[in-house]
Every structure is written in C-alpha cells, then in structure tokens.
Amino acid sequence: MSTNGHFVSLRGVTKQFGDLEVLHGIDFDVGEHQVVCLIGASGSGKSTLLRCINLLEQVDAGTIVVDGQTITGTKVDVNRLRQKIGIVFQSYNLFPHMTVLQNVTLAPRKALGISRSQAEGHARALLRQIGLEDKADEFPDRLSGGQQQRVAIVRALATGPKLMLLDEITSALDPQLIGEVLELVRELAESGMTMIVATHEMGFAREVASKVCFLDAGVIREEGPAEQIFSAPREDRTREFLARVLEGGRL
Amino acid sequence: MGAFLHTFFSPFDFLRATPQIWDGFKLNLKLMFVAEALVLPLALLVAVVRGLPGRATAPLRAAAIAYTDIFRGTPLVLVLFIVLGFATLNYVGLSSETLFTNGLIALVLVYTAYVTEVYRAGIESVHPSQRMAARSLGLSYLQALRYVVLPQAIRRVVPPLLNDFIGLQKDTALVTIIGLVEATAQANQYASDWANFTGLTVAAVFFIILTIPFARFTDHIIKQREQRERAQAV
C-alpha cells in the first residue's frame, strides 16, 4: 500500500448529496502524530470530509486509506474501523438517558467487550484527567456545554482510537467555555494523538496545527504549514477567507 | 324517572348482579393482561423491522407495513369474526378455551398494529445524531438501537402506550360477540333473567374503576415530563 508512511490518505475523494457535489476530488494526507486543521467557510465540505473518513458517509468516488487499510472498498468492518477512529461533534451528542460514566463506558463494554469494572475504572481515570470525576454519575443535561464537550471527547477516547476527528467542537460553546475544551485538545496533540480538526478557531489552528488545509467549495484550495497559510497565503481565495474571518475578530 | 332509575340503578339489583358480573369481568382482566403482555413485545418487533436499513430487508419492511395497514384498518369486530371463522374450519365444536384463544388472537392482531405505530413515532422522534454518535463509537446497528435509540424512544411513548392499553381494556368487552362470557355478556344475561339493566351499570363501573388509575397515571407521567423539560429550557 503506497501510503508513503501517511496514517490517513485520501485520493480523488468525491461526495455528492443528490445534485450537490460537496467534495470534489480531494487529495489529502495526514502523517502519524500530525494535527491537521481544516479551515474554510460553512458548507465548504469540512464536516463531510471528516464523516467520510470514519464511513459515516459513503464516498462516491476515490479511495481512503487509514492505518494501511483501504476503507473505501467492500468487506470493510465498519464497526472495527470506527473503534480506531474517534469523532467528536459540534453538538456533543451525548446520550441524555445515560450518566456520564455510562456514556463513556458504553462503547468499551458493548463494542469491545471489556468487563464493566474494567471499563468503569478506565473511564474514571479518563474523567479524573479532565477534572470531571465528580460528575461521573450526573446526567449530561446537568453539565455545562464545555463540560459536556469534554465528556464527549473522553467518550471518543475510551475505545483507544489512533485517530481523532474533531468537527467544529467549539462552535456551539459560549466564548468563556471554549478555552477549557481547546486546552484538552492541546493536551491530546501534545500526547501525540493524530488528529484532523475542522475549526473556526484560527488562533488555535495556528498554534497546534502541523498543517492547515483551506477547503473551498469542495476542494482543498491551499495547504501548508500554519505560519505560511496565515501569514503568507498564496491563493486569492484563502486571502479573502482569512480577511473575512479577521473582520469577524476570530484570529 | 323512577322507572329509569329502577331499571338502571336499582341498589338491590346492583348488589345481586355484582358477583355474576365480577365472574365475567375476570375474563376481561385475563384477556387484557395476556393480550398486553403479547402486544408490547410484538409491536416493538414489528416497529424495529419496519425501520431496518438496507435493500436486503425490503421484503420484511413491506410485510411489516402491510400488516399494520391491514389490521389498523379493519374493525376489531370483523377481525373477531374472521378469526372465529378460521377456527370453525378446524374444529368440530368450539370450547371456551378455543374461544378465549380466538378472542386473544384478534385483540393482539389489532392492537399490535396500533402500538407498532406508537413505537415507530417514538423511534423517529430520537434525533438521527444520537444514532450517528452511537455508530461512530463502533456500535453495530442493533447495539445502537438497543442501547441508545430504543431507551429514549420508549420513554417518550409511555403516555400513548398507556392510552392504547386503556383502549384495549375496554375492547375486551367486544369478545362477547363471538360467544365469550365476559362482563358484558353476564350483564346481558342478568338483564334477560331479571328484566333489569342494572347489571350493565355494574359492568360499566368495573371498567371505569379499572381505567381511572391508568388515566391518572398517564396524566402524572405527562406532567412530570413537562416539568422536567421546562426546567431544562431555563
């Protein structure tokens, strides 16, 4: 498999919803331990790209290779694949009828078959790391947005994934709650987790990204080191986008 | 007025009819609880089958849709007669056990169709992002259904489920038309024996006494939910 040592490789990935082509021949590589940030306007295809990588969406054309395995073919065990790939959504999507601990232990117990006591021990250790061990028996509705999103991250980590996909995970949060979530992502990046992060937080992207990709109308218009993309973008479209974001006061 | 009161609300007849009506009402109780115990799991199964994904399960889905369409659309009285008709093809005589089974089958067929739709509404009310989150953690379709979708769906449809259960309780009276001697039949018997309709009132009282606690319980659950949701909205 010619992935050139990349952990994730996309070649010519195309995705349509009806007549609307959302992804238009995407080529894209992520090395192990890299943090790649996807930036771009809403509707540029960032979320769809992430969802294709863990097969929540089926691609229409092209290939995706994750950890040496071509996942776009037939005979792919999607459940096994998804245990290796954690995804966190903008709207947390915690299970409201389960406590925090039950949310975190569900996949380890039912998908991986780990015993309850072992799964709970692991979950409590993870919750302790993010300072939420005392919330283990609370229901998600009683937590703040930032706490809920941090639990969602821990839930995704509980199956021991090798890749994390973060889909605009701070977009639904109040400004004062964004920091605690980004801090957790920063720690994950420092621990060497491979991540693909769709984000509107340009300052954060600049700080943690090994590489930044600018998505525009379903194509990667420009990619490069964060410094280059933010300080000296080559493409007009990138420049326009960054200027607009700057006006919005998010850089 | 005096004649009316005497015919329907005679205290003497009320007391005299009660043991006889109670004797019949025990059959209603048995029918409703056995039927409900069958309807709840069967309807859940049909609702789940109806929601299965993929092309391979299309015939199963079609069968589930055909079933609910047919038995929700056919009056229970007709279903009772049809089931009885089938039974008479096979039996020389009809024992009371056979009649009970036939009444039970008809009630289960019709109410499973209703309750399937209740479950289905509940399943569809759970936001797709919940299922997506469960699948993204590596849970299979059935695991996501079992641990994430159904617990939320069922919790939401408890009030309409109770409502249909009350309907079922009352409709057990209809089995009288295929010859089962339940409360209504006993009341009719009493009326023809003693030329007094108070037995019907007794039967009505039995049904009302049974349904009122369920109705209040349903109200209580709805109110509780409203309060909880209001608290969340703040």
Side-chain angles (χ1 to χ4, degrees), chain A residues 47 50-58 77-98 102-114 119 139-143 148-149 151-161 163-167 172, chain B residues 40 44 47-48 51-58 118-161 221-234:
Chain A
S47 289
L50 292 180
R51 280 159 204 222
C52 285
I53 294 173
N54 76 344
L55 298 182
L56 283 175
E57 300 285 357
Q58 294 283 336
D77 185 341
V78 291
N79 299 331
R80 285 287 294 277
L81 175 77
R82 288 178 186 146
Q83 288 153 22
K84 290 200 296 188
I85 305 176
I87 185 165
V88 184
F89 304 96
Q90 180 178 339
S91 50
Y92 334 137
N93 298 354
L94 292 176
F95 308 129
H97 61 299
M98 294 182 181
Q102 288 168 334
N103 264 278
V104 178
T105 55
L106 179 68
R109 288 178 60 198
K110 303 304 173 188
L112 300 181
I114 292 171
F139 284 90
D141 285 342
R142 301 187 58 94
L143 272 57
Q148 288 190 52
Q149 192 59 295
V151 170
I153 293 172
V154 161
R155 182 177 71 174
L157 289 171
T159 52
L163 170 68
M164 287 285 279
L165 309 172
L166 309 184
D167 189 2
Chain B
L40 287 176
L44 184 60
V48 165
L52 287 176
R55 216 173 302 162
T57 59
V118 172
Y119 279 130
R120 202 164 68 91
I123 290 170
E124 280 172 11
S125 78
V126 178
H127 198 272
S129 63
Q130 285 286 306
R131 197 189 295 254
M132 188 176 68
R135 295 305 307 275
S136 76
L137 289 167
L139 270 68
S140 68
Y141 177 86
L142 287 178
Q143 284 176 326
L145 194 66
R146 159 80 179 79
Y147 298 109
V148 174
V149 178
L150 288 183
Q152 298 185 61
I154 291 171
R155 215 162 294 192
R156 278 178 211 178
V157 296
V158 166
L161 284 179
I221 286 182
I222 292 172
K223 203 169 177 186
Q224 212 178 26
R225 177 150 317 152
E226 274 173 1
Q227 279 170 351
R228 203 183 313 142
E229 275 163 19
R230 215 171 295 138
Q232 274 170 17
V234 173

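Order of the sequence lines sets the chain letters (A, B, ...), proteins ahead of strands, with each chain counted from 1.
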Checklist entry - Taking all non-hydrogen atoms of both residues, which atom of A:Ala111 and which atom of B:Leu139 are closest, and how far apart? => result CB-CD1, 4.1 Å
Next on the checklist: Whether the A:Arg155 and A:Asn103 side chains hold a donor-acceptor pair (N or O, under 3.5 Å, no angle test) is what I'd like checked.
Outcome noted: yes
Checklist outcome for this item: Ranking A:Ile85, A:Ile87, A:Leu106, A:Asp77 by heavy-atom pairs under 4.5 Å to chain B gives rank one to A:Leu106
Checklist entry - Is there a donor in the side chain of B:Arg156 and an acceptor in the side chain of B:Ser125, or the other way round, less than 3.5 Å apart? => result yes
Checklist entry - What are the two closest heavy atoms between A:Pro108 and A:Ala119, and how far apart are they? => result CB-CB, 4.2 Å
Item to check | Which atoms of A:Asn93 approach chain B - backbone, side chain, both or neither, heavy atom under 4.5 Å | outcome: both
Checklist entry - Which answer fits A:Leu55, side chain, backbone, both or neither, if we ask what part of it has an atom under 4.5 Å from a heavy atom of chain B? => result neither
Checklist outcome for this item: Most heavy-atom pairs under 4.5 Å with chain A, out of B:Pro151, B:Ser136, B:Ser140, belong to B:Ser136
Item to check | Region of A:Arg51 in contact with chain B, defined by heavy-atom distances below 4.5 Å | outcome: side chain
Next on the checklist: Checking side-chain contact (heavy atoms from CB on, under 4.5 Å) between B:Ile123 and each of B:Ile154, B:Val157, B:Leu150, which is the one that passes?
Outcome noted: B:Leu150
Checklist entry - Would you say the side-chain atoms of A:Asp167 and A:Ser47 include a donor-acceptor pair closer than 3.5 Å? => result yes
Checklist outcome for this item: So, the part of A:Val88 with a heavy atom under 4.5 Å from chain B: the answer is neither
Next on the checklist: So for A:Phe89, is it side chain, backbone, both, or neither that comes closer than 4.5 Å to the heavy atoms of chain B?
Outcome noted: side chain
Checklist entry - What part of B:Gln130 gets closer than 4.5 Å to chain A, counting heavy atoms only: side chain, backbone, both or neither? => result both
Next on the checklist: With a 4.5 angstrom heavy-atom cut-off, is it the side chain or the backbone of A:Leu112 that approaches chain B, or both, or neither?
Outcome noted: neither
Checklist entry - After noting the C-alpha distance and the side-chain angles of A:Leu163 and A:Ile53, does the key distance pass the side chain to side chain contact (heavy atoms under 4.5 Å, CB included) rule? => result CA-CA 10 Å; A:Leu163 170 68; A:Ile53 294 173; 4.1 Å; yes
